[in-house]
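Predicted model only: the values in this text are computed from it and were never measured.
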Amino acid sequence: MGRARKSGRRAADADVVAERVDGGLAQLVPDPDRRRAWTLLIDGAPQSHVDLDDPAHLSFEYQRRLGHVVDLAAPPGRPLHAVHLGGGACTLARYIAATRPRSTQQVVERDTRLVELVRSRLPLDPAARIRVRSTDARAGLAKVPDGWADLVVTDVFSGARTPAHLTSAEFLDEVRRALAPTGVYAANLADGPPLAHLRGQIATAAARFAGVALVADPAVLRGKRFGNAVLVAADGPLPIAELTRRAACDPHPGRVEHGRPLADFTGGALPVTDAAAVASPAPPPSVFR
């Protein structure tokens, strides 16, 4: 176990915190450029980045894209009811609390020891309305009242793979049940060539929602490398133009696909069912070098 950072020390000057959690070896690595910022790794795979002094700062490109979805889910500053399936270091929940005060949020994180580590080393603002539940993501979602959520975000990885039971049409039926009629669903997906998992997830979302879009690095969409893609879905209109503008202006520009081009991208993939669901593919070791 690593030693705790002493009060007043910069994160960059602190020791790496390392503890065993249910999902493997968790490490909190200090950010050399930000005073009280840390990166969470699980078995060497980067999971989250948190700046305790500036929770509105999103470092990872996929987190920035999820941040755009949050920003466009309602008029600026309006509180949200948000459900986060997969907690990590609660980066996005902290972001919503900072940018949309008085939001009410539920975080579902199965790894109890990880929850305890984050609470002790990266404590949440006690004024933030964030409730953390230690249970399976789908089981936690089942406890959300019908129509309660303005936003549901899935960002669940076990051993760097999304569990199979969170990839199916039946799972999305539960998401739709929990969402308000004007609610938005977003998911952090990971895939590489030949992108079979990503195509199947798009087809599954299109079978359950009226509108679907995908935000990703163009190289990932072309099947040139393994990487993240953010899927966005809703029954109401999606803010495609503004999402496209924001993604293109990121430090690592992303491309937004929707409509016919996105349907063509699926290549005839069929929606995934519980009976046929499999976990997302594991990233190649080179991703984390």
Side-chain angles (χ1 to χ4, degrees), residues 62 65-66 68-69 72-73 82-86 108 136-158 161-216 220-221 223 227-240 243-244 247 254-281:
Y62 87 86
R65 291 164 186 165
L66 287 172
H68 298 328
V69 175
L72 298 172
V83 177
H84 305 265
L85 304 179
V108 182
D136 172 76
R138 194 154 162 180
L141 179 62
K143 295 183 181 299
V144 176
D146 293 1
W148 182 85
D150 300 305
L151 175 69
V152 175
V153 178
T154 299
D155 185 10
V156 180
F157 289 88
S158 176
R161 305 176 70 186
T162 300
H165 69 300
L166 304 180
T167 68
S168 68
E170 291 90 340
F171 165 67
L172 290 187
D173 287 337
E174 273 296 294
V175 170
R176 292 188 76 249
R177 178 199 60 76
L179 280 172
T182 57
V184 178
Y185 174 64
N188 177 32
L189 309 175
D191 200 7
L195 300 178
H197 173 72
L198 188 57
R199 299 181 204 277
Q201 289 304 285
I202 297 166
T204 305
R208 290 300 187 265
F209 289 94
V212 179
L214 191 75
V215 191
V220 173
L221 292 175
N228 295 85
V230 170
L231 183 144
V232 189
D235 283 331
L238 292 171
I240 298 297
L243 184 60
T244 299
R255 192 170 83 207
V256 176
E257 293 286 4
H258 66 101
R260 175 51 57 187
L262 186 60
D264 292 342
F265 176 81
T266 65
L270 297 176
V272 176
T273 64
D274 274 343
V278 296
S280 66

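- With hydrogens and angles disregarded, no donor-acceptor distance shorter than 3.5 Å links the side chain of Ser168 to the backbone of Val272.
- Atom-to-atom distance recorded for Phe157:CZ and Leu166:CG is 10.5 Å, nearest 0.5 angstrom.
- Counting all heavy atoms, side chain and backbone alike, Thr167 lies closest to Gln201 at O-NE2, 2.9 Å.
- Between Val230 and Arg65, the closest heavy-atom pair is CG2-CB, 3.9 Å.
- The shortest distance between side-chain heavy atoms of Val108 and Val144 does not fall below 4.5 Å.
- In terms of heavy-atom proximity, Leu72 sits nearest to Pro239 at CB-CG, 3.7 Å.
- Looking at Val175 and Leu141, their side chains come closer than 4.5 Å, going by heavy atoms from C-beta outward.
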Quick one: do Val69 and Val153 satisfy side chain to side chain contact (heavy atoms under 4.5 Å, CB included)? Show the steps, please. CA-CA 10 Å; Val69 175; Val153 178; over 6 Å; no
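- The two residues Asp235 and Ala210 make their nearest non-hydrogen contact at OD1-N, 3.2 Å.
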Starting from the C-alpha separation in whole Å, work towards a yes-or-no answer on side chain to side chain contact (heavy atoms under 4.5 Å, CB included) for Asp136 and His165. CA-CA 10 Å; Asp136 172 76; His165 69 300; 2.8 Å; yes
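- With respect to Pro271, the side chain to side chain contact (heavy atoms under 4.5 Å, CB included) criterion is satisfied by exactly one of Thr204, Leu172, Ile202: Thr204.
- For Arg176 (side chain) and Arg208 (main-chain N/O), a donor-acceptor pair under 3.5 Å exists by modelled atom type.
- Rounding to the nearest 0.5 Å gives a distance of 11.0 Å between CZ of Arg138 and OG1 of Thr154.
- In terms of heavy atoms, Ala164 sits closest to Ala277 at O-CB, 3.4 Å.
- The line from CG of Leu179 to CG of Asp150 is 8.5 Å long, rounded to the nearest 0.5 Å.
- A parallel orientation is assigned to the rings of Phe209 and Tyr185, their planes being inclined by less than 30° (bins at 30° and 60°).
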Leu85/Val152 under side chain to side chain contact (heavy atoms under 4.5 Å, CB included): CA gap, chis, key distance, verdict: CA-CA 8 Å; Leu85 304 179; Val152 175; 4.2 Å; yes
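- Annotation: the span from Asn188 atom CG to Leu231 atom CG amounts to 10.5 Å, rounded to 0.5 Å.
- The two residues Gly183 and Ala234 have their closest heavy-atom pair at O-CB, 3.5 Å.
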Please evaluate residues Leu238 and Val232 with respect to the criterion side chain to side chain contact (heavy atoms under 4.5 Å, CB included), reporting the C-alpha separation (whole Å), side-chain torsions for both, the decisive distance (0.1 Å), and the verdict. CA-CA 8 Å; Leu238 292 171; Val232 189; 3.9 Å; yes
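- Looking at Asp191 and Arg199, no side-chain N of the basic residue comes within less than 4.0 Å of a carboxylate O on the acidic one, giving no salt bridge.
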Expected list for residues 259-270: side-chain donor-acceptor pairs under 3.5 angstrom, two or more places apart:
residue, atom, partner, partner atom, Å
Thr266, OG1, Ala263, O, 2.6

